[in-house]
Participant: 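One structure is given below, represented as structure tokens, and several questions about it will come after.
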2 protein chains.
Amino acid sequence: MRPATSHDVARLAGVSQPTVSRALRDDPRVSRDTIARVRAAAASLGYVPSSRGRSLSTRATGQVAVVVGELDNPFYMEALEHLYGRLEADGLRLVALTDPPERSSLTVERLLDGAVDGAIVMTTLLGSDLPGQLAARGLPTVLLNRAIDDELVDTVECDNRQGAGLAAAELLALGHREIAAIFGPATTSTGRDREAAFREVLAAGGVPLAEARIRRGPFTHEFGRQALGELLAGAPADARRGDGAARAAGAGSAAARPTAVFCANDVLAIGALNGAKGAGVAVPEQLTVVGFDDIGMAAWELYDLSTVRQPLAEMAATAVRLLSERIADPSLSPRRQRLPAELVRRGSHRAAPAAR
Amino acid sequence: MRPATSHDVARLAGVSQPTVSRALRDDPRVSRDTIARVRAAAASLGYVPSSRGRSLSTRATGQVAVVVGELDNPFYMEALEHLYGRLEADGLRLVALTDPPERSSLTVERLLDGAVDGAIVMTTLLGSDLPGQLAARGLPTVLLNRAIDDELVDTVECDNRQGAGLAAAELLALGHREIAAIFGPATTSTGRDREAAFREVLAAGGVPLAEARIRRGPFTHEFGRQALGELLAGAPADARRGDGAARAAGAGSAAARPTAVFCANDVLAIGALNGAKGAGVAVPEQLTVVGFDDIGMAAWELYDLSTVRQPLAEMAATAVRLLSERIADPSLSPRRQRLPAELVRRGSHRAAPAAR
DNA sequence: GCCGAGCATACATACGTATGCACACGGCGT
DNA sequence: ACGCCGTGTGCATACGTATGTATGCTCGGC
């Protein structure tokens, strides 16, 4: 019992297959009468048009790939949620794709095999040639939340430098001098830009960030948790996980315990909050924590995380708009949109203990 | 500049299109020589086989739909993660689909339009006819984590009754007598089964659950948060959100504050933990909280949630195995797998204050 | 009564790949 | 020298839909 095709419907309704195709799309050239007959036949056979046949014929799929990192990262999930709604409003379907770096060639193939009309990529690394490859092959592509230095494709991000500057200024204004930071990978534009701006504003305020007060690693909960433990223990910057000797040696050279820590995203910050709880350090009484993104969880009572809000809904809307425009007209030259960030003051930060 | 097709490759390599098709799949009937020539031509053109053309011809797509609820629910995300890996091992691709109940007809069409070879459905409601429809149309389907009463399709779930019984027994053993519960929707098998077993075991232990101590609602963080607030305030069971009069009246008839609350899943439990923090009630000193699922977040220090562990990795593996088997042989009769749950004792529960 | 206009439908074909089958070629055995 | 077989390739076609074009029909106008 194979699924019914438009030919089956045509036979039952006593018309030709093309007429079925037109009737179901309410083509004005088909008479009311025939439309009704075709619809009845289709319903009685439980006919569902084949998406493969259709897309083969029209060269369009109505699907858009969204390339994200780990699926269990709430930031990506919120982004997907926003994108889903926006794409749907444009009649497009979202296909989520994760991008394991070790086989990005597979990802490229999957994007270029005709299964999607366009791509929104959220995992771009700074040196990645994926955007270039996609653009060269004519696949409409938008980078979201991550940028590359070349202007090859459309890009939507928030102003990471401005946002990180807000966090730094807030810490300075609250009198913090013993400041630490958990940054993201330097291979990403978000990691690089947030770090650079945060350090610049601190330095301009006369409180340069010491290397020993910096941890740099993946945007994961576990790294935030571990990094905060190291910072509290005063482990030196070059102490790597599992290197017990270096860590022990570093403990002796510990500077004063930081009174504030900036985390380059909320996932790291929430990891840090959990790490603080594990280390018995009270937030905000003993430690100020500030994140970046303002994911939904940040507002939950147990975190109550002060953070730099990224306008994710607008960013998603913009990304979808740029993509739709480019699908409609692939010859557009690359555009870049940068939206402003905003500081959200909640309960995880307060004035430094020593501040007068 | 349109993407290259196998015809283009054939022309360049000086062979016929079918030979290209065979050469790229390393068909033994094609000579080493020709394979090399075809590969070179394909590479130089940047040829990527069209998934549409291929699937139209083979009637298979290598794609499996996974129907989940809200994307921001960490339980679904973890499930997707597990499923993704297992499907990949079987050479299958995962396509995530959310299922807005108000247009489940759209979901059905999307599943039957030939874009996927099978479906894993995690959102089934008890009375849903979606599984039946899919099965009737011959789409290999597996229900995961949710069951329906009819044996129409393959089903994989954990033993929700046994698991909820473990939680109830633990609370009784710890001397809790003032017990409350936040249950899931009665329209789901998980909601129904966990509630029924929890109540049965409590009743058998001589501590029947009072209706006023029960809240029943969606499996969301927000509902868990709100429900815990109501339970702490002693709001009556029939007090509905926004019904201020009923709530005020109920406050007078409040029984003793509960010493323990069971939540039908971890998302609700974490909502409850946040609600408790918001209400200034300490966990576990003043309130024991037990969840269900053991999602990754449950182990984070700030939650440290005691919960009933669902063997999600095994469930996912089983679901994929059943689906693969059914894709290979659609005539199999429906099977049902039920895996045991396990109590995970962490810091969110302890003996009742009054327990001797 | 004939012709043109306009409407409804059918015919032919394209989209890109996979596969059953036929066919050409060369080597070997007798 | 002839026929057989195995090997490598091409030919024809199928998959399901959409669309450009041709065709048949009806109706109105003169």
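In what follows, every chain begins at residue 1, and chains take the letters A, B, ... in the order their sequences are listed. Values reported hereafter were calculated over all heavy atoms of this structure, with side chains retained and with hydrogens, waters and symmetry mates removed.
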Participant: Could you check whether A:Val20 gets within reach of a base, just the sugar-phosphate, or nothing at all, counting any heavy atom under 4.0 Å?
Facilitator: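 Contact class for A:Val20: none.
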
Participant: Using a 4.0 Å cut-off on heavy atoms, which residues in residues 32-44 of chain A reach DNA chain C? List them by number, or say none.
Facilitator: A:Thr34

Participant: For the atom pair CD1 (B:Ile35) and CG (B:Asp26), what is the distance rounded to the nearest 0.5 Å?
Facilitator: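 Reported to 0.5 Å precision, the distance equals 5.0 Å.
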
Participant: Over how many whole Å does the gap from B:Asp27 atom CG to C:dA18 atom P extend?
Facilitator: 11 Å

Participant: Ion pair present between B:Arg29 and B:Asp27, side-chain N to carboxylate O less than 4.0 angstrom?
Facilitator: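 Here B:Arg29 pairs with B:Asp27 in a salt bridge, since their nearest N and O are under 4.0 Å apart.
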
Participant: Determine, for A:Arg93 against A:Asp117, whether the closest basic-nitrogen to carboxylate-oxygen distance falls under 4.0 angstrom.
Facilitator: no

Participant: Supply the atom-to-atom distance A:Asp129 CG to A:Leu152 CG, rounded to the nearest 0.5 angstrom.
Facilitator: 10.0 Å

Participant: Step by step, would you call A:Arg54 with B:Asp113 a side-chain contact (heavy atoms from CB on, under 4.5 Å)?
Facilitator: CA-CA 10 Å; A:Arg54 188 205 308 274; B:Asp113 71 359; over 6 Å; no

Participant: Looking at B:Thr19, does any N or O in its side chain come under 4.0 Å of the phosphate oxygens OP1/OP2 on D:dG10?
Facilitator: yes

Participant: Test side-chain contact (heavy atoms from CB on, under 4.5 Å) on B:Val108 and B:Arg137; report intermediate values, then the result.
Facilitator: CA-CA 10 Å; B:Val108 174; B:Arg137 301 295 197 66; 5.6 Å; no

Participant: Around atom CG of B:Asp33, are there more than 12 heavy atoms of other residues, nucleotides or ligands at under 6.0 Å?
Facilitator: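 Count not over threshold, so no.
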
Participant: Tell me what B:Ser16 touches on the nucleic acid: a base, only sugar-phosphate, or nothing, going by heavy atoms under 4.0 Å.
Facilitator: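 Touches a base.
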
Participant: Each nucleotide N or O in nucleotides 16-18 of chain D that has a protein N or O under 3.5 Å away: list the pair and distance.
Facilitator:
{"residue": "D:dG16", "atom": "N2", "partner": "A:Gly53", "partner atom": "O", "Å": "3.3"}
{"residue": "D:dT17", "atom": "OP1", "partner": "A:Tyr47", "partner atom": "OH", "Å": "2.5"}
{"residue": "D:dT17", "atom": "OP1", "partner": "A:Ser50", "partner atom": "N", "Å": "3.0"}
{"residue": "D:dT17", "atom": "OP2", "partner": "A:Ser6", "partner atom": "N", "Å": "2.5"}
{"residue": "D:dT17", "atom": "OP2", "partner": "A:Ser6", "partner atom": "OG", "Å": "2.7"}
{"residue": "D:dT17", "atom": "O2", "partner": "A:Ser57", "partner atom": "OG", "Å": "3.2"}
{"residue": "D:dA18", "atom": "OP1", "partner": "A:Arg54", "partner atom": "NH1", "Å": "2.6"}
{"residue": "D:dA18", "atom": "OP2", "partner": "A:Ser21", "partner atom": "OG", "Å": "2.7"}
{"residue": "D:dA18", "atom": "O4'", "partner": "A:Ser57", "partner atom": "OG", "Å": "2.7"}
{"residue": "D:dA18", "atom": "N7", "partner": "A:Gln17", "partner atom": "NE2", "Å": "3.3"}
{"residue": "D:dA18", "atom": "N6", "partner": "A:Gln17", "partner atom": "OE1", "Å": "3.2"}

Participant: Pair up each side-chain donor or acceptor in residues 62-72 of chain B with any protein partner under 3.5 Å, not counting sequence neighbours, and list the distances.
Facilitator:
{"residue": "B:Gln63", "atom": "OE1", "partner": "A:Arg110", "partner atom": "NH2", "Å": "3.1"}
{"residue": "B:Gln63", "atom": "NE2", "partner": "B:Ala115", "partner atom": "O", "Å": "3.2"}
{"residue": "B:Glu70", "atom": "OE1", "partner": "B:Asn73", "partner atom": "ND2", "Å": "3.3"}

